[in-house]
S.K.: 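Below is one structure. I have some questions about it.
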Amino acid sequence: MATVEAVAGQMAHAHHDDRSFLRRYIFSTDHKMIGIQFLFACLFFLLVGGLLAMLIRWQVAFPGKPLPFGGIFPETMAPNGIILPEFYNALVTMHGTFMIFFAIMPLLVGVYANYLIPLKLGAPDMAFPRLNMMSFWLFVSSGIIMLASFFVEGGPSAAGWTVYAPLSAVPEYSGVSAGQQLWIVSIVFFAASSLLGSVNYITTVINMRAPGMTLFRMPLSIWSLFITAILALLAVPILAGALVMLLFDQTIGTTFFLPEHGGQPLLWQHLFWFFGHPEVYILILPAMGMVSDIIANGSRKPIFGYHSMVFAIAGIAFLGWIVWGHHMFQSGMNPLLGTSFMVSTMAIAVPTAIKVCNWLATMWRGNIQFHTPMLNATAFVAMFTVGGLSGIFMASNSLDIFIHDTYFIVAHIHYVLFGGSLFAIFAAIYFWYPKMFGRMMNETWGKVHFALTFVFYNLVFFPMHIIGIGGHMRRIYDPTQYTFMQPMQPMNRFITISAFLLFVSQIPFVINFFWSLFKGKKAEINPWRDNGLEWTVPSPPAHGNFEITPTVYRGPYEFSSPEVDEDFLPQTTPLNGDRRTAPEQVPGD
Amino acid sequence: MNWLPPALSTYAADIDRIFYVILVITGIIFVAVEVTLIVFMIKYRGREGRKAYYIEGNTKAEVIWTVTPAIIVLALAFASQDVWSRLKNPDRFPSDALTFSVEAKQFEWNFTYPGIDGVLGNGDDFTIRNQLHLPVGQPVVVHTSSIDVIHSFFIPVFRIKQDIVPGMVIPVWFEATETGEFELACAELCGLGHYRMRARVFVHSQEDFASWMAEQS
Amino acid sequence: MEGKKQPYMFIFGALAVLTVVEVGVAFIGLPRTLTIWVLVFLAVWKALLVALYFMHLKFEPLRLVLLAAAPLPLPFVLVLIVLVEYAR
Amino acid sequence: MSDAVVMSGGVHAEPGMRVYNQKLGMWVFLTSEVMFFTGLIGSYLILRSAPGVEWALPGEVLNVPLTAFNTFILICSSVTMVKAFAAIESGDQKGLRLYLVATVVLGAFFVGVQGFEYYKLIEEGFLPHCGEELAALVPSCHLYGSTFYTMTGFHGTHVSIGVLCMIWVTVKAFRGKYTQGDHGGVEVIGLYWHFVDLVWILLFTIVYLI
């Protein structure tokens, strides 16, 4: 209970913040500052992941040609700028690792769960602010450990981001020993960080909603972040356990995944994907939730079918536990399982279709405002649809025999994680930036960034479907080794050039982001005319968020309500007949 | 529009057919969604002084777009099932097949042939590195195994792929429909030489294959 | 919970006795399968006693009990599905 | 819509779980722990069920009487823990301190016995990758050693962490930080402690007896 007292104490301070610089900006327990810290850390890791992708694309398009700035790499990685095969494998592994664990997942659940949950629910802070701070610093430590693995002997892990045993378990097989162990330790730290975050989010959502904020008045962003937190809470420990076993196989001589002594390589895959498929939904559900908020705002209409949206999120999360085998159709798993996993996988198309149709129906007869967040959100719908539909190709187990482990799956995952999650993240950054930093991002440059990203993104990833259908394998250091892939080399070069342009297209965003921090137009309290609770407090909100605990009278999507003249109706505005509820005096314990 | 490699095994056309069926269905859905999106964006673009139509949902519409995809995907799952079990279920493998074995290791394929007696493990077996020879028009079962890490047996023109797991022996079958020389690739990241773990596939006429086999044993 | 006298010592006795019974069952030489089922049954009972009484689940609101029980289907999903591997 | 409640500290909120945050947080954390042990125990069950895998018989390698005694110790510590909680519920500070100290001692004793057991086993040549002599006797000795040390080791780590937290709570109890009306810390650490006991009950059965 000490924490609640501390929070109450902090509220009294809301106006004369007397925390030291260190307590305020570095070891802050304020969920908003932690969210912002996550944002900066994740954008850095996103940059790292992006740079690694550029190196990968260079090698695939121009195998054996020295990198333009290749001199900076040591002999063991790229002598004279020519990427070595072992370094290429490390690049592929690290690109996946950084993007999934250190960019997309924490951008969604680290940044926006932290920032939005208390603000949107009317709570003064998270349930456990100090654990929240620990969560961030564990995350930073894990990121540093992962970066450090570049500098140890043998380089970083080169076994793919899925670190399939036995390649990952026996140093002689991959040529990497210390790097692989650092990978494992880093992800275990990451798991601890994620665990602390999830406990916080779940407790806060269950116990700290403002009076009147019933579960079915929560915005879809909060619903999806809540369900995501449950998925992370239950899935990540499985990964932690599996990683520890893998580490023991490397270090103390256990044989969980080593077949010479009765271990099972397939057990690793089962454990990994039992975590991994819920993880895939951790990476997309929050994006869906935030896009729902932004589309309703941009269309100035209530979200279409709010309840079915909630049930669709829950349905996807539930199905996520019984479909992991579709990553393993060709793994040597019992073919009987292939059939049952195909059926459960196909079933996921149903809640997904509900969501896409409801987004479209939300825009139907709306009054659509094309601000940058809305543009990115519509791009999310368009691109996620492609990613969802390409998933059906792989869900068919017999077609998957051919396209498994080809560029088709690379295209699919990028349509979901870049076209889906990353566009949603851009939308969220533009949308909540004024609340986070008190200034608006520049609209024009936002639109330029959006247009360039949208075009080049499609030029990069759409052709990957085509070469994937041609049989082009993924994670291939030098495609020209195979006669049947040589005709695809022009396409590979096209993809690479587009990828470089896509990378360059992010410069307007970076400049806009940092320029607006200092020079952007001052933000009003409610620049997007939205209904959420976060738009009733100053931008940025003071420590402790709300001067008086708000009372909530309705759901979050009352746009263009016939009851009022404006086209929005904040959740906290009482209308005639709304009664402020009197609090009951006894807490539940 | 010929993105797929040539289809040169008995079941390759079946897999391609599933591809085209899914391509048409998803293509229609794709066009429908994107066109709707663009039309809505243009037609309902924001104008001053106009208010959006206030509606919170419509159960009938939602039921329609729940049930329709459910039917489509169930049908697709049903359509895929038979090909899958024909390819992967050892009980349904052709009974008149030749039997070879392959042992994968970093980074090569060692194919073992049964010799003229046609049975593996009978003295006259012989092993060739990185070359798979087989007759046209005759089913072949290859027993795959690995001595180090996971590899994946992938012959694009036959549309067959199977991961090879150390500690397991997994059978794979195919029947070529044309003679010629093709490529076999490793499709699962297996270490630094993964990209060059390649074998050549020679499909001979039945007579040529018989004489090749006799010559080798 | 408040004010009510809890049967803690009774539960303690039950746990101790069940532990002794378990060790006995393991070494008495019953058929293997039967031994396993009996042992699992006894262990689940012991676990339930700890959860219900020592962890007070018996006296908590239903929603907390549901939260605590929420992950329990997942171990079964994982193990039972993977065990299908051996059925070939 | 139900009426709002006042959380301690005077913050108004919509009724949630109707238990205080720390307790809810601990339960949420424990569901995550369930999944961690699901990974370990699940792997054990899967590896052991594989065709051709044969474990050592109960008592053949492991010392069952010693561990049964240790199990009893851990159960005792759970009882003292719950007694400590019952004491502070009725405002009995002396009882709280007495039972907390007993819990710490019993918990530490459990870890000590486990350490002694490990020492003996390693001396006899039973290692995570199994010893050469044992490998000749026990068919699936490598898996046996791998799973045994991983599962009991992680449980032991949990107990050790629990003991450390318990010492902290005990120190707070001696400083009089817990009262009849405010003793969330005792209840929350108790939940963790009983959970660890519960896991041991399952582990003892499946690792030592089956």
Side-chain angles (χ1 to χ4, degrees), chain A residues 85-86 160 164 166-167 173-175 259 265-266 300-302 304-305 308 330-332 335 338-339 342-343 346 349-350 353-354 357 360 363-369 382 385 389 392-393 396-399 401-402 404-405 466 469-471 473 475-478 481-484 560-562 567, chain B residues 3-5 15 18-19 22 26 29-30 33-34 36-37 40-41 44-46 50-54 56-57 61-62 65-66 69-70 73-74 76-77 80-81 83-85 87-89 148-150 152 156 159-163 165-168 170 183 185 187-192 195-196 198:
Chain A
E86 49 268 48
Y164 274 8
L167 181 62
Y173 290 157
S174 65
L266 282 190
R300 315 306 296 163
K301 263 188 68 190
F304 195 89
S308 63
Q330 316 314 331
S331 69
T339 306
M342 168 171 68
V343 174
M346 289 280 190
V350 175
I354 293 175
C357 291
L360 290 178
M363 293 169 73
W364 171 69
R365 295 184 71 178
N367 191 32
I368 301 171
Q369 313 292 309
T385 303
L389 291 173
I392 294 179
F393 288 76
S396 156
N397 49 15
S398 27
L399 180 53
I401 295 173
F402 177 53
H404 180 77
D405 266 330
I466 298 169
I469 289 304
M473 289 88 71
R475 295 167 171 173
I476 287 288
Y477 166 70
D478 181 359
Q481 290 280 321
Y482 288 89
T483 337
F484 80 95
S560 302
S561 160
D567 64 355
Chain B
W3 298 332
L4 290 152
I15 288 182
I18 295 174
F19 171 72
I22 298 181
T26 54
I29 300 172
F30 168 74
V33 169
E34 308 295 345
T36 312
L37 188 65
F40 284 2
M41 284 171 75
Y44 303 118
R45 67 187 180 277
R50 202 177 122 243
K51 232 172 154 179
Y53 172 58
Y54 181 85
E56 287 184 314
E62 288 170 54
W65 60 59
T66 308
V73 292
L74 272 179
L76 284 177
S80 296
Q81 175 44 32
V83 180
W84 168 259
S85 105
L87 261 74
K88 295 276 180 170
N89 186 350
D148 39 42
V149 301
I150 299 174
S152 189
R159 305 287 187 275
I160 186 68
K161 184 181 288 125
Q162 176 61 57
D163 284 9
V165 184
M168 293 171 77
I170 303 167
E183 283 175 301
E188 179 69 57
L189 181 64
C190 61
L192 66 92
Y195 70 100
R196 55 181 160 81
R198 165 178 177 266

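Predicted, not measured: the structure shown is a model, and the values here were computed from it. Below, each value reflects all heavy atoms present in this structure, side chains not excepted, and no hydrogens, waters or symmetry copies.
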S.K.: Which one wins on heavy-atom pair count under 4.5 Å against chain B: A:Ile469, A:Ile476, A:Asp405?
M.R.: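 Counting heavy-atom pairs under 4.5 Å, the top option is A:Ile469.
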
S.K.: Side chain, backbone, both or neither: which part of B:Ile170 has a non-hydrogen atom closer than 4.5 Å to chain A?
M.R.: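 Looking at B:Ile170, just its side chain touches chain A.
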
S.K.: Would you mind checking which part of A:Met473 comes under 4.5 Å of any heavy atom in chain B, side chain (CB onward), backbone (N, CA, C, O), both or neither?
M.R.: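 Contact with chain B: side chain only.
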
S.K.: Quick one: side-chain hydrogen bond (donor to acceptor under 3.5 Å, both in side chains) partners of A:Asp567, sequence neighbours excluded?
M.R.: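 In terms of side-chain hydrogen bond (donor to acceptor under 3.5 Å, both in side chains), with neighbours along the sequence ignored, A:Asp567 is linked to A:Arg300, A:Arg529.
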
S.K.: Between A:Phe402 and B:Pro5, what is the shortest heavy-atom contact and its length?
M.R.: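 Shortest heavy-atom separation between A:Phe402 and B:Pro5 comes out as CZ-CD, 3.6 Å.
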
S.K.: Can a donor-acceptor pair be found, under 3.5 Å and without considering hydrogens, that links the side chain of B:Arg198 to the backbone of B:Tyr195?
M.R.: no

S.K.: Say whether, by atom type as modelled, one donor and one acceptor occur between the side chain of B:Glu183 and the main chain of A:Phe484 under 3.5 angstrom.
M.R.: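 The answer is yes, because a donor-acceptor pair under 3.5 Å joins these two groups.
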
S.K.: Output the option from A:Ile354, A:Thr385, A:Ile368, A:Leu266 having the highest count of non-hydrogen pairs under 4.5 Å with chain B.
M.R.: A:Ile368

S.K.: Which heavy-atom pair separates A:Ser308 from B:Glu62 by the least distance, and what is that distance?
M.R.: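 Of all heavy-atom pairs spanning A:Ser308 and B:Glu62, the closest is OG-OE1, 2.5 Å.
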
S.K.: Minimum heavy-atom separation for B:Ile29 to A:Leu389, with atom names?
M.R.: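 Closest approach of B:Ile29 to A:Leu389, heavy atoms only: CG2-CD2, 4.0 Å.
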
S.K.: Taking every non-hydrogen pair under 4.5 Å, which of B:Met168, B:Gln162, B:Arg50 racks up the most with chain A?
M.R.: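 The residue among B:Met168, B:Gln162, B:Arg50 with the greatest pair count is B:Arg50.
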
S.K.: By a 4.5 Å heavy-atom criterion (distance strictly below it), what part of A:Met363 contacts chain B: side chain, backbone, both, or neither?
M.R.: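 Its backbone and side chain both get close to chain B.
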
S.K.: So which part of B:Val33 gets closer than 4.5 Å to some heavy atom of chain A, the side chain, the backbone, both or neither?
M.R.: both

S.K.: Out of A:Pro166, A:Gly305, A:Pro335, A:Ser174, return the one with the most heavy atom pairs under 4.5 angstrom to chain B.
M.R.: A:Pro335

S.K.: As an exercise: rank B:Leu76, B:Asn89, B:Ile150, B:Thr36 by heavy-atom pairs under 4.5 Å with chain A and give me the winner.
M.R.: B:Ile150

S.K.: For B:Glu34, which atoms come within 4.5 Å of any heavy atom of chain A: side chain, backbone, both, or neither?
M.R.: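 Side chain only.
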
S.K.: List the residues meeting side chain to side chain contact (heavy atoms under 4.5 Å, CB included) with B:Tyr53, not counting sequence neighbours, and say none if there are none.
M.R.: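 Side chain to side chain contact (heavy atoms under 4.5 Å, CB included) list for B:Tyr53, sorted by chain: A:Trp364, A:Arg365, B:Ile55.
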
S.K.: How close do A:Asn397 and A:Met342 get, heavy atom to heavy atom, and via which atoms?
M.R.: OD1-SD, 3.3 Å

S.K.: With respect to chain A, which residue among B:Pro166, B:Ala70, B:Cys190 yields the maximal number of heavy-atom pairs within a distance under 4.5 Å?
M.R.: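 So the answer, after comparing B:Pro166, B:Ala70, B:Cys190, is B:Pro166.
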
S.K.: Measure A:Tyr173 against the heavy atoms of chain B and call it side chain, backbone, both or neither at under 4.5 Å.
M.R.: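 For A:Tyr173, the contact with chain B is made by backbone and side chain together.
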
S.K.: Between the side chains of B:Ser152 and A:Gln330, is a donor N or O closer than 3.5 angstrom to an acceptor N or O?
M.R.: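 No pair is found: no donor N or O on one side chain lies under 3.5 Å from an acceptor on the other.
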
S.K.: Between B:Gln81 and chain A, with a heavy-atom cut-off of 4.5 Å, which part of the residue counts as in contact: side chain, backbone, both or neither?
M.R.: both

S.K.: Can you tell which of B:Gly167, B:Gly191, B:Pro69 has the highest number of heavy-atom pairs within less than 4.5 Å of chain A?
M.R.: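 Max contact count across the listed options: B:Gly191.
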
S.K.: Under 3.5 Å, is there a donor-acceptor pair between the side chain of B:Ser80 and the main chain of A:Ser398?
M.R.: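 Between the backbone of A:Ser398 and the side chain of B:Ser80 there is no qualifying donor-acceptor contact (under 3.5 Å).
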
S.K.: Taking every non-hydrogen pair under 4.5 Å, which of B:Ile18, B:Val83, B:Thr66 racks up the most with chain A?
M.R.: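 Among the listed options, the one with the most contacts to chain A is B:Thr66.
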
S.K.: Between B:Lys161 (side chain only) and A:Ile401 (backbone N and O only), is there a donor and an acceptor less than 3.5 Å apart?
M.R.: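 Present.
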
S.K.: Quick check for you: among A:Ala349, A:Pro562, A:Gly175, A:Ala353, which has the greatest number of heavy-atom pairs under 4.5 Å with chain B?
M.R.: A:Pro562

S.K.: Examine whether an atom of B:Leu87 lies under 4.5 Å from a heavy atom of chain A, and if so say whether it belongs to the side chain, the backbone or both; otherwise answer neither.
M.R.: side chain

